[in-house]
Amino acid sequence: MPFYSKRQLLPKLKELNIRLDKKRGQCYLVDENIAKFIVKEVEIDENNDIILEIGSGLGTLSDSLVRSGKRIYLLENDEKITKFLYSHLKLNYKVKLIDLSSDAIDFEQFLDVKVIIIKGDAIKAPFPVVTKIVGNIPYQISAPLIFKIIDSWNINELKKCILMVQEDFANRLIAKVNSKNYSRISAAVGLYLNIKKIKLVPSSCFFPKPHITSVIIELTAKYSLLVDSQENIYRKDYLSFLRGIFPFKNKSLRNAISFFLKNNENATNQFKYFKKIIKNPELFPFINKKLRRFSPQQLFNLMLYGTTGKIEILQEFE
Ligand code: SAH
């Protein structure tokens, strides 16, 4: 697949009868240096790396990724585009196209195939086991995608993710406790991932041109994702705790937890020890502090108290 500069992209899209739609996150990279930079940052090991690319588009990044990696999965939800990718890549590689709307998915079956194109929604599709994830990801699905990555990260396999995201979104990922941007996603990322902003990318590098500045970020796993750490064992519980309380981030912790548990029988059973400190706030005076003032680690410890009832966990707060 050639690289498409802006001048080459327009006639190509016309030929394929594709109309790019910004609302569906279809802003294509038309700056070859940035594309090369992203691929370099992936640091591909050709003997071992199995790569997942999210939102491949016409293959701006995919082509070099395919050439350098051991195997690659291209996940894209636009049918015309996946057909185009298939017809091109099959000229040089062993390629399989899986349409998630009709085909059963069994990645094990295709272990000898170099390129697996998956036509489906990146949020709903099951992720194959990979060592690197790359993507100029659609902004509309950035947040659910990051939660999905955190939820499914297997530290024995996945080494890092190189993603292009909206700059404002990256700032939410790294937001400090009690800052304006501190949110559920900052509390999730903060506990589990290291995040590095590697390069700002101006909107002129894309077609159609978005209104925002983008940034390339690198995500790697923190030790908290080690298999036998408490943080890992209680990963799903922590993520569901955050989902429940963060809609109330400007309320006191006490109110946030009360609102979360109210009319939610499952949560009340799962985090059954919170009742005690809500009824007896003198056991944990910090419960009246605003939720957004609690760091990811403190929120994790609170979740652990709510689940296990070990009161000594609460004595470590200050
Ligand atoms: N990698 C290409 C394209 C990036 S644009 C480049 O850098 O030029 C993002 C791509 O993601 C588009 O092709 C769009 O069709 C696709 N996309 C949008 N929403 C998606 C979803 N929910 N699941 C999978 N792909 C999606």
Side-chain angles (χ1 to χ4, degrees), residues 1-10 12-13 16-42 51-67 69 72-86 88-89 97-101 105 115-128 130 132-149 152 161-166 169 198-199 201-217:
M1 253 148 355
F3 180 86
Y4 301 107
S5 67
K6 191 172 158 192
R7 272 174 61 200
Q8 295 156 327
L9 183 65
L10 293 173
K12 189 72 204 170
L13 291 169
L16 297 170
N17 195 16
I18 293 173
R19 246 166 187 268
L20 294 185
D21 182 356
K22 274 202 242 183
K23 282 198 235 74
R24 294 176 50 215
Q26 294 179 320
C27 289
Y28 283 21
L29 194 57
V30 288
D31 183 310
E32 194 164 12
N33 289 329
I34 300 287
K36 284 189 176 143
F37 179 86
I38 294 175
V39 173
K40 184 172 94 352
E41 289 297 321
V42 186
I51 299 166
L52 168 64
E53 189 196 358
I54 297 171
S56 321
L58 295 183
T60 298
L61 302 172
S62 331
D63 203 27
S64 328
L65 296 170
V66 171
R67 244 181 289 124
I72 182 162
Y73 295 89
L74 304 176
L75 180 48
E76 167 63 57
N77 70 348
D78 187 303
E79 183 158 19
K80 280 186 195 157
I81 292 176
T82 49
K83 283 193 172 141
F84 165 75
L85 287 169
Y86 180 72
H88 252 270
L89 288 163
L97 173 61
I98 302 177
D99 185 342
L100 286 186
S101 57
I105 195 151
V115 187
I116 296 163
I117 303 168
I118 306 169
K119 197 232 141 215
D121 181 342
I123 301 304
K124 295 185 194 136
F127 278 179
V130 295
K132 308 265 170 75
I133 298 180
V134 191
N136 170 11
I137 61 177
Y139 299 139
Q140 289 75 359
I141 60 165
S142 303
L145 205 57
I146 294 288
F147 280 114
K148 184 170 174 182
I149 288 174
S152 62
C161 305
I162 302 287
L163 304 173
M164 174 99 75
V165 298
Q166 201 169 334
F169 177 73
I198 328 184
K199 193 181 186 63
V201 181
S203 59
S204 55
C205 295
F206 299 91
F207 180 83
K209 200 165 137 181
H211 296 295
I212 44 87
T213 302
S214 301
V215 60
I216 302 167
I217 58 169

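We count ligands from 1, going down the list as the structure has it; atoms in each ligand are counted the same way. Position 1 is the first residue of the sequence; numbering continues from there. These numbers were taken from a predicted model, which means no experiment stands behind them.
Looking at residues two or more places apart in sequence or on another chain, you find a side-chain hydrogen bond (donor to acceptor under 3.5 Å, both in side chains) between Lys12 and Glu15.
Judged by distance alone, the side chains of Glu79 and Thr82 never bring a donor and an acceptor atom under 3.5 Å apart.
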Within the protein, flag every N or O under 3.5 Å from an N or O of ligand 1, and note the pair and distance.
residue, atom, partner, partner atom, Å
ligand 1, 1 (N), Gly55, O, 2.9
ligand 1, 1 (N), Ser56, O, 3.3
ligand 1, 7 (O), Asn136, ND2, 2.8
ligand 1, 8 (O), Leu29, N, 2.9
ligand 1, 13 (O), Tyr28, OH, 2.7
ligand 1, 13 (O), Glu76, OE1, 2.7
ligand 1, 13 (O), Glu76, OE2, 3.4
ligand 1, 15 (O), Gln26, NE2, 3.0
ligand 1, 15 (O), Glu76, OE2, 2.6
ligand 1, 17 (N), Asn77, OD1, 3.4
ligand 1, 22 (N), Asp121, OD1, 3.0
ligand 1, 23 (N), Ala122, N, 2.8
ligand 1, 25 (N), Asn77, N, 3.4

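Within the 4.5 Å cutoff, the side chain of Val215 has heavy atoms near those of the Val165 side chain. Residues Lys119 and Tyr86 form no side-chain contact, since every pair of their non-hydrogen atoms from C-beta on lies 4.5 Å or further apart.
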Can you give the donor-acceptor pairs under 3.5 Å from side chains of residues 57-65 to other protein atoms, not counting sequence neighbours?
residue, atom, partner, partner atom, Å
Ser62, OG, Glu53, OE1, 2.6
Asp63, OD2, Met1, N, 3.4
Asp63, OD2, Arg67, NH2, 3.4

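Within the structure, side-chain hydrogen bond (donor to acceptor under 3.5 Å, both in side chains) contacts touching residues 140-149 (residues at least two apart or in different chains) do not occur.
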